[in-house]
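Here, residue 1 is the first one in the sequence, and each next residue gets the next number.
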Amino acid sequence: MAIAAGVGVAEWAWWLALTLGAVPLFCLAVWQSADAWYRAAFFLRHGGRRRLPPGHMGLPFLGETLSFVWHFKLARRPDDFIAAKRRAHGAGAGIYRTHLFGSPAVIACSPTANKFVFQSADNFGIRWPVPELIGHKSMVNVEGASHARLRGIILTAINRPSSLRTIAAVVQPRVVAALAAWADMGTIVASTEIKKVTFANIFKMFISMEPSPLTEQIDQWFGSLMAGLRAFPLDLPGTKFHGARKCRRKLNAVFRHELEARKKVDKKCDDLMSGLMCTDDEQGKRLSDEEVVDNMVNLVVAGYESTASAIMWATYHLAKSPAALAKLREENVAH
């Protein structure tokens, strides 16, 4: 009996040692597998002629997305994600390899690296990880001559004198009315109210739509689209990415319906959609319907989110700086 007990203890000890040794080795192998795969693929493609920047590709399929989301959304300390890359791979590089939202990526986080990227457009393909959400024909997803053509048309459409007059005529009275309404409400959630008035202004300027149940629905669709842009691209029912794809199809339908209605009645409006429809490029060609729709969605996303965020943070910092607020109030009263 003593011998049998001794054999049993030895067997358990052997299995315990195997487990404690194998599990860490397995985790290490999984952790290194994605990085090893990409380094091997890069070497087979380029040999020793080029080198990958320092960094790590993270877990298979997930990459470093979970860490990125943790720092940006949960901990709300986005700089710590970059700081961790610097600590792990050296602060001197200023450029690191990673894998985010289903795509290999490079993070440039130094003035020198960013300057190099911005001045070397021919060497860097700039596009969203999932182009269809913003639009395959949108300005942010095309390159070279196509990008230059779209940029020229969009700038011409936005900078038309009639467009600038529309912006001035639309924005000022709506903002004044919003400020008066906020004063009557007493306490407001600034981010929510600012987004509402920003969206109403943008849709009036871009597509000549007044606030209505439809624009409220469109606002919700754009909110879901923005959430999907920042979500992991897992297209399963219930995920933010799946919801974003559905909302993008609904937005396509709304913009295409408006576009077709304008073509049927030859409707002219001093708004961005008409500008995109009617502006010719250097060869005298106009944008296709798909290009108009994709760039309308792209411009609403860019103008809506960035403008609302800038106003919100300006409001926040003014509230925290009474002296600056008093000076701004004096300047506005004087005019």
Side-chain angles (χ1 to χ4, degrees), residues 24-73 77-152 228-235 241 294-295 298 301-302:
L25 287 175
F26 176 75
C27 292
L28 181 63
V30 171
W31 174 249
Q32 295 293 345
S33 61
D35 197 63
W37 168 264
Y38 280 104
R39 283 190 284 114
F42 189 84
F43 179 81
L44 291 175
R45 183 175 181 180
H46 301 289
R49 301 187 305 275
R50 300 179 181 177
R51 292 186 304 163
L52 280 170
H56 198 279
M57 306 302 285
L59 294 170
F61 187 63
L62 292 174
E64 294 187 303
T65 304
L66 296 179
S67 175
F68 182 88
V69 171
W70 164 260
H71 285 98
F72 273 73
K73 288 190 175 182
R77 298 180 63 89
D79 290 344
D80 286 357
F81 180 80
I82 305 299
K85 305 291 282 185
R86 291 178 179 274
R87 288 193 302 270
H89 308 290
I95 185 167
Y96 306 96
R97 70 176 182 270
T98 185
H99 193 284
L100 298 172
F101 300 102
S103 299
V106 171
I107 296 176
C109 52
S110 74
T112 302
N114 287 328
K115 181 179 180 180
F116 173 72
V117 171
F118 288 132
Q119 292 183 345
S120 307
D122 293 339
N123 297 324
F124 294 91
I126 302 174
R127 59 177 61 87
W128 290 85
V130 185
E132 67 174 286
L133 291 184
I134 291 294
H136 290 282
K137 299 291 187 180
S138 68
M139 187 171 64
V140 297
N141 281 322
V142 298
E143 302 171 359
S146 297
H147 177 86
R149 170 177 174 265
L150 278 174
R151 182 178 60 192
L229 288 171
R230 294 188 284 257
F232 194 83
L234 185 63
D235 192 12
F241 179 73
D294 279 357
N295 283 284
N298 172 36
V301 167

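- Rounding to the nearest 0.5 angstrom, the gap separating the CZ atom in Phe68 from the CD1 atom in Ile107 is 7.0 Å.
- Looking at Phe81 and Phe72, their side chains come closer than 4.5 Å, going by heavy atoms from C-beta outward.
- Listed by chain and number, the residues in a side-chain contact (heavy atoms from CB on, under 4.5 Å) with Arg151 are Met139, His147, Ala148, Leu155 (sequence neighbours excluded).
- For residues 100-115, there are no side-chain hydrogen bond (donor to acceptor under 3.5 Å, both in side chains) pairs, not counting sequence neighbours.
- Within the structure, salt bridge (charged side-chain N to carboxylate O under 4.0 Å, His left out) pairs that include any residue of residues 103-112 do not occur (at least two apart or interchain).
- Remark: Met57 CE to Leu62 CG distance equals 13.0 Å, nearest 0.5 Å.
- In this structure, the separation between OG on Ser138 and CG on Asp294 is 6.0 Å, given to the nearest 0.5 Å.
- Listed here is the closest heavy atom pair of Ala113 and Ala108: CB-CB, 4.1 Å.
- Remark: Arg45 engages no residue in a side-chain contact (heavy atoms from CB on, under 4.5 Å) (not counting sequence neighbours).
- Every residue two or more places apart in sequence or in another chain that forms a side-chain contact (heavy atoms from CB on, under 4.5 Å) with Leu229 is listed here: Trp128, Leu133, Ile134, Met226, Val301.
- For the pair Phe241 and Leu234, the minimum side-chain heavy-atom distance is 4.5 Å or more.
- Under the side-chain contact (heavy atoms from CB on, under 4.5 Å) criterion, Phe42 pairs with His46, Arg50, Leu52, sequence neighbours left out.
- A donor-acceptor pair is defined here as one N or O able to donate and one able to accept, closer than 3.5 Å; such a pair exists between the side chain of Asn141 and the backbone of Gly135.
- With sequence neighbours excluded, no residue forms a side chain to side chain donor-acceptor pair (under 3.5 Å) with Asn295.
- For residues 104-113, there are no salt bridge (charged side-chain N to carboxylate O under 4.0 Å, His left out) pairs, not counting sequence neighbours.
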Scan the side chains in residues 92-101 for donor-acceptor partners under 3.5 Å anywhere in the protein, sequence neighbours excluded, and list what turns up.
unit_1 : atom_1 : unit_2 : atom_2 : d
Tyr96  : OH     : Gly90  : O      : 2.5
Arg97  : NE     : Asp35  : OD1    : 3.1
Arg97  : NH1    : Pro53  : O      : 2.6
Arg97  : NH2    : Asp35  : OD1    : 3.4
Arg97  : NH2    : Asp35  : OD2    : 3.0
Arg97  : NH2    : Gly55  : O      : 3.1
Thr98  : OG1    : Glu64  : OE1    : 2.5
His99  : NE2    : Tyr38  : OH     : 3.3

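- Considering OG of Ser67 and NZ of Lys85, their distance stands at 8.0 Å, rounded to 0.5 Å.
- For the pair His71/Pro78, no side-chain contact is recorded, criterion being any heavy-atom separation below 4.5 Å from C-beta on.
- Residues that satisfy the salt bridge (charged side-chain N to carboxylate O under 4.0 Å, His left out) test with Arg86, not counting sequence neighbours, are absent from this structure.
- Residues satisfying the ring-ring contact (aromatic ring centres under 6.0 Å, His included) test with Phe43, not counting sequence neighbours, are none.
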